[in-house]
Amino acid sequence: MACFERDGIFAACILHLISTRKDIVKTYQEFKQVDYPHIGESILQYWKENQIFEKSIANRDGAETFTFFEGPPSANGTPGIHHVMARTLKDIFCRYKTLKGFQVKRKGGWDTHGLPVELQVEKELGITKEDIGTKITVEEYNKKCRETVMRFKNEWDDLTEKIGYWVDLDDPYITFDSKYIETLWYLLKKLYDKDLLYKGYTIQPYSPAAGTGLSSHELNQPGTYKDVKDTSITAQFKLKGEENTFILAWTTTPWTLPSNSALAIGENLDYVKVKTFNPYTHEAEFVILAKARMAAYLNPKANDLKVEDYKAGDKLIPYEIVAEFKGKDMLGWGYEQLFPIDALALPNPAFTVVSGDYVTTEDGTGIVHLAKAFGADDFRTLVQNNVPGVFVKDDLGNDIPVVDKQGKFLPVVGEYLAAKMKEHGITAHKEYGASDFYVKNYTEDDENAPDYKNTDVIISIILKNENKAFKVEKYEHSYPHCWRTDKPVLYYPLESWFIKTTAYKDRLVELNKTINWKPEATGTGRFGNWLENLVDWNLSRSRFWGTPLPIWRTSDGTEEKCIGSIAELNAEIEKSIAAGYMEKSPYEGKELDLHRPYVDDVVLISEKGEKMFREPDLIDVWFDSGAMPYAQWHYPFENEEVFKANYPADYIAEGVDQTRGWFFTLHAIAGMLFDSVAFKNVIANGLVLDKNGNKMSKRLGNAVDPFKTLKEYGPDALRWYMLSNANPWDNLKFNLDGVTEVQRRFFGTLQNTYNFFALYANLDAFVYDKSKAVPVAQRAELDQWIISKLQSLIAEVEEAMDNYDATRATRAIMNFTVDQLSNWYVRLARKRFWRGDMNADKQAAYETLYECLLTLTQLMSSFAPFYSDWLYNNLTETGAEGKESVHLTDWVAADQALINSDLEASMDLAQTISSLVHSLRKKEKLKVRQPLQRILIPVLSKKVQAQIEHVEDLIKTEVNIKAIEYIDDASGILVKDVKPNLPVLGKKLGPKMRFVVAAIKSWGQDEIAQIEREGKFPVAVEGETIEILLDEVLISSQDIPGWSVASDAGVTVALDVTLTDELKQEGVARDLVNRIQNLRKDMGLEVQDKIKIQVAEGNELVTKAVQSFGEYIQSETQALSLKLSAEAEKGTVLDMDDFEIAVLVEKA
RNA sequence: GGGCCUGUAGCUCAGGUGGUUAGAGCGCUACACUGAUAAUGUAGAGGUCCGUGGUUCGAGUCCACGCAGGCCCA
């Protein structure tokens, strides 16, 4: 069978191998090249066939649960590469916790409601919102939405599987499901019963011409914003308690001035009080405005003029600053109502100065006029400061603004304005009555009339006459218009349903402090600040496809009922039918569907016997997803036990853009209704950008296709790259070169290491058997060292993963594999594998390498689930202990007893020393093949010497030297160097540091000897003597006079470069071995093939080398014979760098 | 405009509590090794630690103010 060939690509055979593993020849499979994507596919198939995922959960029945919540994606678009990031991050901790013994149930889910789907459907059907209910029925429309929203479910499932994200895709929760909605209604009713669901106002864009509110999406239609010229007024608000002193505030909507109830300043902005004159009335006065805005209101040319010299009518108006202060000094100042209409009078703290974080000095006066009814900022600021707004009562006693829904002032203002027109003799194109003052929605007839004056202009004239306007001018700005009527939009209070989150603000803040956020700043900063500035959650959406608000109301709004379950709905319907308000249930003979339009057909009967109609709103889709902990189990109607065992979540992860979305709604619902957090640990991952740091977009064509990437690189390298490159909460500049690098550097190295193991293990017929393994304590130092390193690695990975730090874990694994295992352990241990017959040392080497590899498969299995399982299967198929999958194994904790830090320190020294000798050899142009007699190492303590002696053999082999000699103080040739130990000295000396440092640096050998002898050394600083103690300086060996030395990390090495004849001969012998090995390879010989060698006579050096080192040459080259002979001239002429020699090699 | 994040070598990133000459990998250059060989080792070049002030004997690290990029919210 092709699988058993040495060379070739084998991934294709894996499936077969695994399925027949019990019957195959006992051997470790060898692979020259690895097809990572194919490994992904075949292992995926293996998991499916053997139900590994299901087993990983079933195996943990009865174990402690680890709960994960899936934030539901929407399947109306295709998944992108950033979803690979998000889903990988979700997956790894669930896999890790499974290994650690937890049962981790993971239910998939789909977010199905909301605007994106609706817009997509509108686009596809070529309709607008207005057409729904006319050109197309709501029923048909919602049917289309339902189809569209799951359109790409298959692509999503496909990606989820291919990247190895283990989640239950067969039984997901779906937010449009009636059962799901029933739980939402249950939760809403709970809120309602706790008085946390109320109807209030929110300031929204409103088209008076169309009589309808506009969504932000409608406002973002092209052409909505137009440049228009409006009358702008800088009004004078008279400060209470001070004569002739006015706060200046600028507005482009003068019609909102009668509704003014506060002024906003920027706390850190600079303000001035200026003595000057009103340009219209010429009255002397003081005005207050931002210092940075003076030039816009006070002509700098008048700077030199004296205030006293001003005469009414002068063109240049002089001014003089009389006081300066910060915005925060103005907080709480009171002023008189601009339009003193009795019906609009307000109690304190109305008409005061408050703080607004949006106030700038870019335009206006640096002071912003606030009208609660007509601006979202205004509304929010006034609510936060408890300042009442200007409203009047309607017939039912509700507060309504002074502008009606046609965009016209109510008579209460109209009368006042009409009277003022008469008083000031203002004439216009027509006589204005109390009900004639439109504020935006002017009729065309009026606008085209000569001498037309609109309300803004009339207000301006009145204010000018009454010394209440400092500046009036036409101002061109961009203003939104209704896309349907082309008329300007008003910001206007519209009714909405709210969840009173503010009532639970303190508790939500408290609970948040118990959540482990990664990164922390997202929890304390972004999320924490958001909670601190919480406003009530606006739940209403005026759309069609979504969860209906389960509230029915009488027409006059005096009675209402909130429905909390399907059973309750049906019971109420029965009552209504009995009362004759409905003929029959809309659900009679039909499948239950709680969506519109069916639910709208339900008319209920109130306590008093009135008809009640459903409030037409849908709820915010974020409520849908925030309720998933309960609704995914149809709690409390079903699965109460499952819910309780899986709440709250131990872990969730989503993009940082979800902070105010899912993270918040989960937190709010849990805190308000269950007095609990919804999740204990959370990772908020960053964005995936293109390699240049730009946002990926399909339109720009820089989006990376996840399927294509998976096909090319396989899932493991992709996952590994995303986790190890940077912390997941930083933005990732996604670069395929990075994936290649991970594949080559980490997976390639690991694969090479495995191949090395497999090659020799098969030759030696080695099979790992734990019960017969050589005890670690009896293995070679090198083995003990790598086992020690391995235990440290396990501990580090465990600690990192327990702390939700995948980047640290992956990097640690990578460094161990590449630097320690491959580049040091295997390199130094190689000869043990290829020499001689099986013995205890050789077996220990195999066992050590095997144990490292096997442990690695488990450590990396969370991150690279496919490759690790593949490798695990390759390693374990010959042994009895292998489980079906690495994902079904139990975590093997680090064995502290095997950690040997002394040995690790020794090995660090060996690595440093070897590196130094290499560098010296290079400097002296002495290649490693040339043996050298000795190196000298100065040692400052017996301990260091002992540590090096421990690894002497390794060093000698690695750098090809015969001996290591140590030089200590007694040798008398050591030159030492001294440096101040800055962290220690700094604490003791403070400012005197620099004198002492200078003194220490000037020390010679005598001073160093003295402090070593006496443990202290006096230094004179500014007449004072300071004792420097031995542990306040760092002493190192610096040099050995007359030798070629190199130093690093406190270690110094000197190389003896003397070449004796014997060394030269040995060098030649090794050169010969090298050349003959190359010949063997050229001849295409297998490793185990034997040869016969003949070497030409005549070169004295070669002759001596063959005589002295013949045995060595023979054993290295698998030669049965080696002789000097003239025959050799028929063979190959070898280039020995300095000379040439002919050699004849034949297969034996 | 506000909140939060990021800025260190050509690229991707490390750099507890301030402390000696700021590191790694990749890439580049040169050399070496050669029974892991499409592997490996060594060395070299490469830095205004975003900027400006400040605190300190000493700042990549702490503080302030900026600049650039990003996310969310207005």
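As a basis for the values below, the full set of heavy atoms in this structure was taken, side chains included, without hydrogen atoms, waters or symmetry mates. Computed from a prediction, not measured in an experiment: that's the story for all the values here.
An OP1 or OP2 oxygen of rC71(B) is reached within less than 4.0 angstrom by no side-chain nitrogen or oxygen of R526(A). For N725(A), a side-chain nitrogen or oxygen approaches OP1 or OP2 of rC13(B) to under 4.0 Å. Proximity of R811(A) to the phosphate of rC13(B): no side-chain N or O atom is located under 4.0 Å from OP1 or OP2.
For the C1' atoms, the distance from rG19(B) to rC62(B) is 14 Å, rounded to whole Å. Rounded to the nearest Å, the gap between the P atom of rU12(B) and that of rG27(B) is 15 Å. Annotation: rU6(B) and rC63(B) have their P atoms spaced 13 Å apart (nearest Å).
Aromatic ring pairs are classed by plane angle as parallel below 30°, tilted from 30° to 60° and perpendicular above 60°; the pair F833(A) and Y760(A) is tilted.
Counting any heavy atom pair closer than 4.0 Å across all strands shown, V359(A) reaches no nucleic acid atom. Using a 4.0 Å heavy-atom cutoff across all strands shown, N823(A) reaches sugar-phosphate atoms only and no base atom. When heavy atoms are screened at a 4.0 angstrom cut-off, N960(A) is found touching no nucleic acid atom at all. Using a 4.0 Å heavy-atom cutoff across all strands shown, S822(A) reaches at least one base atom of the nucleic acid. At a threshold of 4.0 angstrom between heavy atoms, the contacts of N755(A) with the nucleic acid are absent.
Per the geometry, CZ belonging to R827(A) stands 11 Å off P belonging to rU40(B), to the nearest Å. Whole-Å rounding puts the R808(A) CZ to rG15(B) P distance at 11 Å. Rounded to whole Å, the distance from CE on M814(A) to C1' on rC13(B) is 10 Å. Going from atom CG of N731(A) over to atom P of rU6(B) covers 11 Å, rounded to whole Å. Look at CZ on F663(A): it is 14 Å from P on rC73(B), rounded to the nearest Å.
Shown here, rA38(B) forms no base pair; nothing in the strands shown gives a Watson-Crick or G-U wobble contact with both key distances under 3.5 Å. Base pairing annotation: rC4(B) forms a Watson-Crick or G-U wobble pair with rG70(B), both donor-acceptor distances under 3.5 Å. In this entry rC28(B) has rG44(B) as its Watson-Crick or G-U wobble partner, both defining distances falling under 3.5 Å. If you check rU21(B) for Watson-Crick or wobble pairing at under 3.5 angstrom, you find it has no partner at all. Under the Watson-Crick or G-U wobble criterion, with both distances below 3.5 Å, rC62(B) is paired with rG54(B). Nucleotide rC49(B) forms no Watson-Crick or G-U wobble pair with any nucleotide shown, as no partner meets the under 3.5 Å limit on both distances.
Counting distance only, with no hydrogens placed and no angle test, the side-chain atoms of T749(A) and the base atoms of rA39(B) include no donor-acceptor pair under 3.5 Å. On a pure distance criterion of 3.5 Å, no polar donor-acceptor pair joins the side chain of R744(A) and the base of rC26(B).
Looking only at atom types and distance, the side chain of R1070(A) has a donor-acceptor partner in the side chain of N960(A) under 3.5 Å away.
A distance-only check finds a donor-acceptor pair linking the side chain of R827(A) to the backbone of N823(A) [under 3.5 Å].
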Intermediate values then yes/no, ring-ring contact (aromatic ring centres under 6.0 Å, His included), H667(A) and F527(A): CA-CA 11 Å; H667(A) 188 66; F527(A) 195 67; 5.5 Å; yes

